[in-house]
Amino acid sequence: MIARAALLSFLLVSGSVLAAPFAYVPNEGSGTISVIDTATDQVVAEMPGGSKPRGLAVGARWLYVSDQPNNRLQLVDVQARKAGAVIPLGESPEGVSISPDGRWVVAAVEGHNEIAVTDTLSNTLAFAIPVRGRNPEHAVFSPDGRLLFVSAEEGGAVDVIDFASRRQVAQVAVGARPRGIGFLPDSSRAYVAAENANEVFVIDTHKFAIVARIRAGLRANGVAVHPDGSQVYVSNGGEASVSVIDTASNQVIANIAVGQRPWNMALTPDGSKLYVANGRSHSVSVIDTASRTRLRDIAVGKLPWGVAIR
């Protein structure tokens, strides 16, 4: 199994077509990254992730991991599965995402109320963009790369950055303690989970206005959007479940039981499976999206914070 995984990693880096991608799980309690082969749903490797890895983005060659206590991005070589260079950021970086073209990696820096932007061509910090909200946790690109939405834990709002001009252009008030963010594939709407409001707010990305509010489960936080845009998945940290939202009606159409304190999630590129990080269960739940059933739980490291798939 390890030999097969090493071969698949090589093919991933070289750009060849793969039968199935890998899921990368940062475990903040054990300082590791678990690597799951999504074809078999088996952990095939454990990689170093820094002292307390949280946000993670996958590039062509590198993983970019926020090492929160050390105020930096930790690079991990996906082929060699070894730690590489580090990129200093501001105080307490959390959520990390990569631009659709793979050029930029952004990290929400809580202590400085800014978004730190790394150029993946040089793997150096390029610039930072200040935001109005306090304690930004997630910074997520719209699929067209035009906008960057930022959720600030203490702000009760989403900050909107025009990435080309590198400045904030709007702020949209939502419920208390906004967390996860996901976009429809055409970038027309964003879905934002507000943890203390137990709601999901739907934002029109052209008018920067709320067009719907959806009641979710207790302590809604993580958000993932199906590649075809038909459904949105919301993890409910206080009740060990994932809610499924139909985007045509903006109604919850199912609730699926998962592990304890489900947090951030990711879908396979074909949308067939959803991987949910369960912080207090030290596991990842795998959901079949067609049947909306939980297939299995995969043991990972301590306190998994999220999942990134490529």
| Does the side chain of T293 come under 3.5 Å of the side chain of D288 through a donor N or O and an acceptor N or O? |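 Judged by distance alone, the side chains do not pair up.
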| request: Would you please say whether a donor-acceptor pair under 3.5 Å links the side chains of N255 and S241? | output: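 Side-chain D/A pair, N255 to S241: absent.
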Over all atoms of both residues, closest heavy-atom pair of [X] and [Y]:
X: L184; Y: G229; value: CD2-O, 3.7 Å
X: S281; Y: Q260; value: OG-N, 2.7 Å
X: N135; Y: E154; value: ND2-OE2, 2.7 Å
X: V150; Y: A139; value: CG2-CB, 4.1 Å
X: R166; Y: I129; value: O-CG2, 3.8 Å
X: L267; Y: A224; value: CD1-CB, 4.0 Å

Check: [Y] and [X] side chains under 4.5 Å, non-hydrogen atoms:
X: V117; Y: F163; result: yes
X: V174; Y: E199; result: no
X: L73; Y: P93; result: no
X: V276; Y: M265; result: yes
X: I87; Y: R72; result: no
X: Y24; Y: I309; result: no
X: S187; Y: L147; result: no
X: H138; Y: E94; result: no

Shared hydrophobic cluster for [X] and [Y] (ILVMFWY, side-chain gaps under 4.5 Å):
X: V140; Y: I210; result: yes
X: V78; Y: V44; result: yes
X: V65; Y: V58; result: yes
X: I253; Y: V225; result: no
X: V234; Y: V242; result: no

| request: Using salt bridge (charged side-chain N to carboxylate O under 4.0 Å, His left out) as the criterion, list what pairs up with E91, not counting sequence neighbours. | output: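 Counting only residues at least two positions away or on another chain, E91 forms no salt bridge (charged side-chain N to carboxylate O under 4.0 Å, His left out).
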| field | Residue pair V232, T247: steps toward the side-chain contact (heavy atoms from CB on, under 4.5 Å) verdict | value | CA-CA 7 Å; V232 171; T247 58; 3.6 Å; yes
| task | Given salt bridge (charged side-chain N to carboxylate O under 4.0 Å, His left out), test K52 with D67 step by step and report yes or no. | result | CA-CA 5 Å; K52 189 178 181 181; D67 185 2; over 6 Å; no
| field | Heavy atoms of other groups near R294 CZ, more than 12 under 6.0 Å | value |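 More than 12 within 6.0 Å, yes.
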| Above 12 or not: heavy atoms from other molecules or residues under 6.0 Å from CZ of R146? | yes
Polar side-chain atom of [X] near backbone of [Y] as donor-acceptor pair, under 3.5 Å:
X: T120; Y: R103; answer: yes
X: S92; Y: E110; answer: no
X: S151; Y: E137; answer: no
X: Q74; Y: G84; answer: yes

Rounded to the nearest 0.5 Å, what's the gap from [atom1] on [X] to [atom2] on [Y]? Could you check?
X: S66; Y: L89; atom1: OG; atom2: CG; result: 8.5 Å
X: I161; Y: F141; atom1: CD1; atom2: CZ; result: 9.0 Å
X: N264; Y: L56; atom1: CG; atom2: CG; result: 11.0 Å
X: R132; Y: Q171; atom1: CZ; atom2: CD; result: 5.5 Å
X: S30; Y: E46; atom1: OG; atom2: CD; result: 7.0 Å
X: L303; Y: W263; atom1: CG; atom2: CH2; result: 11.0 Å

| query | For F183 and D144, what are the C-alpha separation, side-chain angles and deciding distance, and is it a side-chain contact (heavy atoms from CB on, under 4.5 Å)? | reply | CA-CA 10 Å; F183 289 88; D144 60 12; over 6 Å; no
| request: Would you kindly check if the NZ (Lys) or CZ (Arg) of R81 is within the cone defined by 45 degrees around the ring axis of F22 and under 6.0 Å from the six-membered ring centre? | output: yes
Quick test of your reading of the model: are [X] and [Y] salt-bridged, counting only N-O distances below 4.0 Å?
X: R219; Y: E239; value: no
X: R61; Y: D77; value: yes
X: D204; Y: R189; value: no

Show the atom names and distances, to 0.1 Å, of all donor-acceptor pairs under 3.5 Å that link a side chain in residues 121-128 to residues at least two apart or in another chain.
unit_1	atom_1	unit_2	atom_2	d
S122	OG	T124	OG1	2.6
N123	OD1	Y64	OH	2.6

| query | When you look at T289 and V244, which way does the side-chain contact (heavy atoms from CB on, under 4.5 Å) test go after all the steps? | reply | CA-CA 9 Å; T289 58; V244 184; over 6 Å; no
| message | Would you call the rings of H226 and Y233 parallel, tilted or perpendicular, taking 30° and 60° as the class edges? | response | tilted
| said: Evaluate V172 against F201 for side-chain contact (heavy atoms from CB on, under 4.5 Å), listing each step before the verdict. | reply: CA-CA 10 Å; V172 183; F201 291 76; over 6 Å; no
